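By convention here, the first residue in the shown sequence is residue 1. Since the structure is predicted, the reported quantities are computational estimates derived from the model, not experimental observations.
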Amino acid sequence: MKKNIFSVIITALTVVNVVLTAILFFVMMPTFNKTNKLITQVASILDLEIYNGETAPEDNYKVSDIEYTDVAFEAQQTVNLGAGSDKKDHYALFDGFTVGVNKTSDDYSDFKTETITSYQSTITDIIRSVMQSHTNDTISEDVIKKEALEQIREKFGTKCIVEITLKNFMHQ
């Protein structure tokens, strides 16, 4: 008899808990929506104050504003990839890269074609390290270009470099 009473009490408490949780959810949901709307409005106002209603010059460029610097290697570069799920050795290959620089950027004079070619080994090293951090399962050309661009911008402290393109990129 005691087991049945405990079962009934536990079942009743479970039902009460579910009902109170549902009530709490429906009571709090409008408050959460209002809070989310307020935070969105504040964030948009702060963004307007940062740029004074204008976009950053690094983000506002045309294709004609980009100067491309082509860097080709004498031999195809082979990069060992991280160990994947199949525990086999995998490699990535590329013949060179192209760097796109925004000519309308404030620090464009620091990253003209001659400067980019003088930094060829540094940029190559960054691209190789990004490739080595991936496995055959996680690597793709888009991922490599995005991560390499972020690291190059961070290394040189500029937003002037807007694009990285890999030549004959392959992985296996």
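Rounding to the nearest 0.5 Å places NE2 of H171 at 14.5 Å from OG1 of T78. Here H90 contributes atom NE2 and N80 contributes atom CG; the two are 11.5 Å apart, rounded to the nearest 0.5 Å. Distance check: I144 CD1 to M131 CE gives 5.5 Å after rounding to the nearest 0.5 Å. With rounding to the nearest 0.5 Å, the separation of CD1 in I123 from NZ in K155 is 11.0 Å. With values rounded to the nearest 0.5 angstrom, I126 atom CD1 is found 10.5 Å from L149 atom CG.
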Evaluate the side-chain contact (heavy atoms from CB on, under 4.5 Å) criterion for residues L13 and N17: first the C-alpha distance (whole Å), next the side-chain angles of each, then the deciding distance (0.1 Å), finally the verdict.
-> CA-CA 6 Å; L13 289 175; N17 188 16; over 6 Å; no
Quick one: do V99 and V71 satisfy side-chain contact (heavy atoms from CB on, under 4.5 Å)? Show the steps, please.
-> CA-CA 8 Å; V99 177; V71 176; 5.6 Å; no
side-chain contact (heavy atoms from CB on, under 4.5 Å) between I127 and F97: does it pass, once the steps are laid out?
-> CA-CA 9 Å; I127 293 171; F97 58 89; 3.9 Å; yes
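One N or O on the side chain of S133 and one on the backbone of V130 form a donor-acceptor pair closer than 3.5 Å. For the pair T138 (side chain) and H134 (backbone), a donor-acceptor distance under 3.5 Å is absent.
Within the 4.5 Å cutoff, side-chain heavy atoms of T104 are placed close to those of D65. Proximity of N102 to E163: side-chain heavy atoms (C-beta onward) are nowhere separated by under 4.5 Å. Under the 4.5 Å side-chain criterion, counting only non-hydrogen atoms from C-beta, F6 is not in contact with N4. Within the 4.5 Å cutoff, no side-chain heavy atoms of M170 are placed close to those of F94. Annotation: side chain of I66 is in contact with side chain of Y68 (closest heavy-atom distance under 4.5 Å). Under the 4.5 Å side-chain criterion, counting only non-hydrogen atoms from C-beta, T135 is not in contact with I139. For the pair E154/E150, no side-chain contact is recorded, criterion being any heavy-atom separation below 4.5 Å from C-beta on.
Counting only residues at least two apart or on different chains, the side-chain hydrogen bond (donor to acceptor under 3.5 Å, both in side chains) pairs with a member in residues 120-132 are Q77-R128. Annotation: ring pair (Phe, Tyr, Trp, His ring centres under 6.0 Å) contacts involving residues 114-133, sequence neighbours excluded, comprise Y119-F156.
If you check the side chains of D142 and S140, you find no donor sitting under 3.5 Å from an acceptor.
When all heavy atoms of R153 and V162 are compared, the pair lying nearest together is NH2-CA, 3.7 Å.
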